[in-house]
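Excluded from the calculations below are hydrogen atoms, water molecules and symmetry mates; all remaining heavy atoms, backbone and side chain alike, are included. A note on names: the letters A, B, ... follow the listed sequences, proteins ahead of strands, and every chain is numbered from 1.
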There are 2 protein chains.
Amino acid sequence: MKVAGTSAPPETAPAASRPGLRELKKQRTRDLLLRSALELFTERGYEETTVDDIAEAADVSQRTFFRYFASKEEAAFFVSRLAESRFVEAVHARPPGEAPLDALRLALAESWDTIGEAVEQVVPLELHMRFYRVIESTPALLAAHLRRATELEEEIARVVAGREGLDIDRDPRPRVVVAVFGAVMRVTERIWSARDDAGLAALRDLTATYLDQVTPALTGDWRGPET
Amino acid sequence: MKVAGTSAPPETAPAASRPGLRELKKQRTRDLLLRSALELFTERGYEETTVDDIAEAADVSQRTFFRYFASKEEAAFFVSRLAESRFVEAVHARPPGEAPLDALRLALAESWDTIGEAVEQVVPLELHMRFYRVIESTPALLAAHLRRATELEEEIARVVAGREGLDIDRDPRPRVVVAVFGAVMRVTERIWSARDDAGLAALRDLTATYLDQVTPALTGDWRGPET
DNA sequence: AGGCTAATGACAGCCTCTGACAGTTGACAA
DNA sequence: TTGTCAACTGTCAGAGGCTGTCATTAGCCT
């Protein structure tokens, strides 16, 4: 189970953060709790899984679970949180010349891979994607998901306002564009989760397609189908 | 405590649905629970109010509360539900020629009064508006609010799809427009709830203003401020 | 008036989450 | 190596949301 060096040379690690046995154990317990939780959630359902079940599957007490995660819900969204932060970084990295909606669309397009990597470091990507469908079909989880999405949008709206040199408290447009972007994302997730093919690639393609349709859907004429 | 006539002439009531003493009592208990709940929520906070508190304020047992409302949350949103159904009716009543976004905007504009009336029949409108601010500042309530908004959007999207003669499962545009509309509504609510003037009139004006800015915010140039 | 049924209250119990206390184990210095 | 300190953990007790059960009450109907 040991991973670090033979005896105990803490100065060999880079100046970054130097794991330490205790830290390693903690991280392993956390990841184990996370995996146990997501597996149970996807197999038997979120509501049907008690915290005691998760704790037992990870061989810790219920009390310990709550020391790692403030709530059952927080455990459920821990991985999503990782993914989202990657997207935020990508938005930050966009060149300032682009129109806001374009910047968001392109940031998303180029962060899919980074997101996949981040997820894989904690739980199998496939498990995460399967759990995403559980979110959509579980009212309590969907509610939490939407609230978290709103918070994320607020954060991104500030970034957009900064890019455009606008005061977010005086000009509503940054929030409006981001809200529109988020709305399309949610519609996409919903449709994706109802499909048979619920892989990452399918979600990526759907998202790209729908984002391209925002402007025409709002302004253009509605004559003629366009699956 | 008695309210009805002296002895018992049930045939005096209109043919509509003939209340009956039992029905009346039920409705009064429900309204009392609703008022007690909203008052406690606004005075001391949602999380700080227990179901026992509400039941006690309405002089019923906790068990009875749960027979009227499936959850504390359901009680919190009961009045909002009334308001929303009025809006849906207004959308239905819009002439078929209008562009979807216009239909939504106009339906909203003309349903404010009806909404006010519907609310007043259960609790004071002012109490409802005050509670709306509690929703925005209480994570658990905000989450529930957003989930409910999503369900409402799905319903409206079907209406829009019907108006335009589109298959909602083959054309994403109805959902997209409605999602955009809903997104703007939520941004408006949020900004409104953070203001000092949180009356109904202020919300109505803010909504009208923001909805007019959707299209320019997405397509137009972003040069020049426009509070 | 008397029977029928809906509505209520009074437990008992499950689940999420928290505080308190004590036991265990890694980290670090003597 | 050993002892001390701090972090991590388990156990216990309890609050609050929510549900099932059962006896009692109260409206309704003949």
Side-chain angles (χ1 to χ4, degrees), chain A residues 1-5 7-13 17-33 37 40-41 44-56 58-76 138-141 143-144, chain B residues 1-5 7-11 13 17-33 37 40-41 44-56 58-77 138-141 143-144:
Chain A
M1 302 300 177
K2 281 262 203 90
V3 173
S7 45
E11 62 278 0
T12 49
S17 64
R18 165 211 53 172
L21 215 181
R22 192 179 265 166
E23 295 281 327
L24 278 179
K25 270 192 159 184
K26 257 178 37 177
Q27 188 146 338
R28 256 191 297 150
T29 304
R30 196 202 59 183
D31 290 357
L32 186 55
L33 278 170
L40 287 170
F41 291 162
R44 119 177 38 157
Y46 179 75
E47 316 263 16
E48 291 69 27
T49 303
T50 70
V51 174
D52 287 288
D53 293 335
I54 304 171
E56 190 182 4
D59 285 310
V60 296
S61 72
Q62 187 221 52
R63 195 64 184 87
T64 294
F65 173 93
F66 282 110
R67 287 198 178 97
Y68 279 89
F69 307 103
S71 64
K72 186 174 157 185
E73 177 192 305
E74 184 179 304
T138 307
L141 283 178
Chain B
M1 303 301 174
K2 281 264 206 89
V3 173
S7 44
E11 63 279 0
S17 62
R18 168 208 47 175
L21 215 181
R22 190 181 269 165
E23 295 282 326
L24 278 179
K25 268 193 159 183
K26 257 180 34 177
Q27 188 146 338
R28 256 192 298 151
T29 303
R30 196 202 59 183
D31 291 356
L32 185 55
L33 278 170
L40 287 170
F41 291 162
R44 111 174 49 153
Y46 179 75
E47 316 262 15
E48 290 71 27
T49 302
T50 69
V51 174
D52 288 285
D53 293 335
I54 304 171
E56 190 182 6
D59 284 311
V60 296
S61 70
Q62 187 222 51
R63 195 65 185 84
T64 293
F65 173 92
F66 281 111
R67 281 197 258 262
Y68 278 89
F69 307 102
S71 63
K72 186 174 157 185
E73 178 192 305
E74 184 179 304
F77 287 104
T138 306
L141 283 178

Taking CD from A:E56 and P from C:dT16, how many angstroms apart are they, rounded to a whole number? 13 Å
For A:Y68 and D:dC8, is the shortest distance between a side-chain N/O and OP1 or OP2 below 4.0 Å? no
Can you tell me the distance, in whole Å, between the CZ atom of A:R67 and the P atom of D:dT11? 11 Å
Under 4.0 angstrom between A:K26 side-chain N/O and D:dC8 OP1 or OP2: yes
One should read off an interatomic distance between B:L32 CG and B:D59 CG, to the nearest 0.5 angstrom, of 7.5 Å
Between P of C:dA6 and CD of B:Q27, the distance in whole Å: 19 Å
If you assign each of B:R22 and B:F66 to its closest nucleotide in DNA chain D, which residue comes earlier from the 5' end? B:F66
Do A:R30 and A:F69 pass the side chain to side chain contact (heavy atoms under 4.5 Å, CB included) test, and can you show the C-alpha distance, the side-chain angles, and the key distance before you say yes or no? CA-CA 9 Å; A:R30 196 202 59 183; A:F69 307 103; 3.7 Å; yes
Residue B:T29, side-chain atoms from C-beta onward, closest of C:dC11, C:dT16, C:dT8: C:dT8
For the side chain of A:D53 and the backbone of A:T50, is there at least one donor-acceptor N/O pair under 3.5 Å apart? yes
Please state how far atom CD in B:E48 lies from atom P in D:dG16, giving the value in whole angstrom units. 11 Å
A:Q62 CD to C:dG19 C1': how many Å, rounded? 13 Å
Scan A:F65 against the nucleic acid and name what it touches under 4.0 Å (heavy atoms): base, sugar-phosphate only, or nothing. nothing
Using a 4.0 Å heavy-atom cut-off, does B:F69 contact any base of the nucleic acid, only the sugar-phosphate backbone, or nothing at all? nothing
Would you kindly give the CG-to-P distance between B:D52 and D:dA15, to the nearest whole Å? 11 Å
Is the distance from OP1 or OP2 of D:dT9 to the nearest side-chain N or O of A:S61 less than 4.0 Å? no
What's the CZ-C1' distance between B:R30 and C:dA6, to the nearest Å? 17 Å
Taking CD in A:E73 as the centre, count heavy atoms belonging to other residues, nucleotides or ligands within less than 6.0 Å. Is the count above 12? yes
Measure from the side-chain heavy atoms of A:R63 and tell me the nearest of D:dG17, C:dG19, C:dC15. C:dG19
Separation of A:L24 atom CG from D:dA7 atom P, in whole Å? 18 Å
Side chain to side chain contact (heavy atoms under 4.5 Å, CB included) for B:F77 and B:L141? Distances and angles first, verdict last. CA-CA 9 Å; B:F77 287 104; B:L141 283 178; 3.9 Å; yes
Can you see if the side chain of B:K25 gets near the phosphate of C:dA7 - specifically, an N or O under 4.0 Å from OP1 or OP2? no
Would you say B:K72 reaches D:dC18's phosphate, i.e. side-chain N/O to OP1/OP2 under 4.0 Å? no
Taking for each residue the nucleotide of DNA chain D with the nearest heavy atom, is it A:T64 or B:S71 whose nucleotide lies nearer the 5' end? A:T64
